[in-house]
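The chains referred to below are lettered A, B, ... by the order of the sequence lines, with proteins before strands, and numbering in each begins at 1. All heavy atoms count here, side chains included; hydrogens, waters and symmetry mates do not.
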Number of protein chains: 2
Amino acid sequence: MRRGAAKISQYNIEGKELQAFLGPLETNIIEVVWSSKQPLTVRDVYEKLKRRKRIAYTTVMTTMDRLYEKGLLDRRVEKGRGGVLYVYWPKLEEHNFKKTAVHEVLNSLVENFGDIVASYLVERISSEEKEFKDLKDKLEKALKGKRG
Amino acid sequence: MRRGAAKISQYNIEGKELQAFLGPLETNIIEVVWSSKQPLTVRDVYEKLKRRKRIAYTTVMTTMDRLYEKGLLDRRVEKGRGGVLYVYWPKLEEHNFKKTAVHEVLNSLVENFGDIVASYLVERISSEEKEFKDLKDKLEKALKGKRG
DNA sequence: AACCCTTACTACATGGAATAGTAACGTTTA
DNA sequence: TAAACGTTACTATTCCATGTAGTAAGGGTT
């Protein structure tokens with residue numbers, strides 16, 4: 001587990017998009033950080049999230065610390081009104097994170113179950129070609145009918 | 001979640017083979033049950049597992065109950081020396097379970113991240129064709145060298 | 001110095017997996 | 001029929017991940 005890479009250890013089959021990899025709150029937080037043009041403090045993120053739902057400042061803080069520990073966020077220390085504080089930014093932009101995570105799942109699947117993955121793909125591509133062919137046949141019949 | 005289907009909700013990226021879907025003890029137990037030609041009691045499975053490692057009867061029992069609840073094992077009640085007891089057998093044979101589980105992950109991946117999965121495949125196939133072509137070039141050069 | 005604010009530390013709840021003891025119960029055996 | 005045997009239901013604990021959140025300790029600005 002290299003320090004630079006995001007640590008994703010599991011894929012949640014029922015999760016939608018990012019929530020296949022992250023918890024609900026982690027997902028909300030990282031989306032806020034991705035949307036920002038500059039690094040954000042915990043307070044920044046907290047102010048945005050509290051508009052949607054009641055949440056404690058320390059909940060946001062703990063979860064951002066955890067995203068940092070998991071390698072999805074990076075941070076530096078700054079000085080401000082509250083003393084020393086962290087300023088966070090994403091380690092990878094959204095598309096790169098998704099790409100890396102999906103690749104990790106697929107690599108693991110291929111390594112563990114290469115033959116099953118291969119036959120799934122062959123089956124899937126054949127199925128789609130069949131649908132294309134069916135549609136093509138129908139179209140050809142329809143055109144013949146018009147001319148007939 | 002139909003009752004007949006195995007309930008797999010997540011894929012563990014670092015897990016090897018079955019342990020990508022199940023815990024260590026769940027994996028050991030279902031392998032024992034798959035290997036048996038007839039249905040097994042908790043006692044049967046316990047006797048096999050205790051040879052490998054110290055474990056409590058009730059641990060085996062609880063885990064088999066959980067595999068039943070998750071739809072991987074089926075069972076009926078029999079009467080025996082200890083009163084009424086369960087006799088378990090697998091709902092799916094090994095290959096079918098793996099195939100079903102892998103398909104669920106792949107379907108979820110395609111639904112959530114179809115474009116990333118597609119480009120991964122194109123990239124992977126191209127990479128393998130490139131390796132084949134490189135090998136072919138080297139072979140052709142070697143054959144030319146022998147004739148020269 | 002007062003004020004404001006943050007983080008470290010701590011704790012609880014939930015769910016899943018692993019772990020395991022014992023009361024309650026049922027069947028077989030003597 | 002009672003004793004013996006063995007199983008399951010019930011219960012509990014630990015660990016991990018995620019979400020939740022209060023407060024003591026500490027630091028910078030006003």
Side-chain angles (χ1 to χ4, degrees), chain A residues 6-15 18-30 39-47 49-50 52-73 75-88, chain B residues 6-15 18-30 39-47 49-50 52-73 75-88:
Chain A
K7 176 178 158 138
I8 295 291
S9 63
Q10 62 189 22
Y11 181 82
N12 177 11
I13 296 172
E14 279 109 23
L18 282 170
Q19 288 191 35
F21 292 111
L22 301 171
L25 184 56
E26 291 179 316
T27 301
N28 285 340
I29 287 174
I30 198 146
L40 297 176
T41 62
V42 174
R43 167 66 53 182
D44 295 330
V45 176
Y46 166 71
E47 291 294 339
L49 291 191
K50 81 174 182 183
R52 310 180 192 183
K53 175 188 169 187
R54 187 184 173 285
I55 191 168
Y57 173 95
T58 49
T59 301
V60 177
M61 184 194 72
T62 302
T63 306
M64 289 178 77
D65 181 57
R66 219 155 43 194
L67 284 169
Y68 168 75
E69 292 294 339
K70 284 162 80 169
L72 273 76
L73 294 182
R75 69 189 180 196
R76 67 176 179 255
V77 180
E78 285 194 359
K79 297 185 182 188
R81 182 77 190 274
V84 293
L85 58 115
Y86 291 123
V87 175
Y88 288 91
Chain B
K7 175 175 158 134
I8 295 291
S9 63
Q10 62 188 25
Y11 180 82
N12 176 9
I13 295 172
E14 279 109 22
L18 283 170
Q19 289 191 35
F21 292 111
L22 300 171
L25 184 56
E26 292 178 316
T27 300
N28 284 340
I29 287 174
I30 198 145
L40 297 177
T41 62
V42 174
R43 167 64 55 179
D44 296 328
V45 177
Y46 166 70
E47 292 292 339
L49 291 190
K50 80 176 186 182
R52 309 181 190 181
K53 174 188 170 187
R54 188 183 172 283
I55 190 167
Y57 174 94
T58 49
T59 303
V60 177
M61 184 195 72
T62 301
T63 306
M64 289 177 77
D65 182 54
R66 214 160 47 204
L67 285 170
Y68 168 74
E69 292 293 338
K70 284 163 80 170
L72 273 75
L73 295 183
R75 71 190 180 194
R76 68 176 180 255
V77 180
E78 285 194 358
K79 297 184 181 187
R81 182 75 192 275
V84 292
L85 58 113
Y86 291 123
V87 176
Y88 289 89

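- Between the side chain of B:Asp65 and the backbone N or O of B:Thr62 there is no donor-acceptor pair closer than 3.5 Å.
- Remark: P of D:dT7 and CZ of B:Arg75 are 15 Å apart, rounded to the nearest angstrom.
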Whether each nucleotide of nucleotides 18-28 of chain D has a protein heavy atom under 4.0 Å at its base (B), only at its sugar-phosphate (S) or at neither (-) is summarised, 5' to 3', as BBBBBB--BBB
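- Taking 4.5 Å as the limit, every side-chain heavy atom of A:Thr59 sits out of range of all side-chain heavy atoms of A:Leu49.
- Between B:Asn12 and B:Gln19, the closest side-chain pair of non-hydrogen atoms is not below 4.5 Å.
- Per the geometry, CG belonging to A:Asn12 stands 15 Å off P belonging to C:dG15, to the nearest Å.
- D:dC5 atom C1' lies 12 Å from atom CG of B:Leu85, rounded to whole Å.
- Going from atom OH of A:Tyr68 over to atom C1' of C:dT7 covers 14 Å, rounded to whole Å.
- Residue B:Tyr57 is in base contact, counting any heavy-atom pair closer than 4.0 Å across all strands shown.
- If you take CG of B:Asp65 and P of C:dA18, they are 14 Å apart, rounded to a whole angstrom.
- Counting heavy atoms from C-beta on, the side chains of A:Glu26 and A:Lys70 come closer than 4.5 Å.
- In this structure the side chain of A:Val42 never reaches within 4.5 angstrom of the side chain of A:Tyr86, judged on heavy atoms.
- Under the ring pair (Phe, Tyr, Trp, His ring centres under 6.0 Å) criterion, B:Tyr11 pairs with B:Phe21, sequence neighbours left out.
- Protein atom OH of B:Tyr86 is 13 Å distant from nucleotide atom C1' of C:dG26, rounded to whole Å.
- Atom-to-atom, NZ of B:Lys50 to C1' of C:dA18 comes out at 20 Å; the value is rounded to the nearest Å.
- In this structure, CD of A:Glu69 is placed 14 Å from P of C:dT7, rounded to the nearest angstrom.
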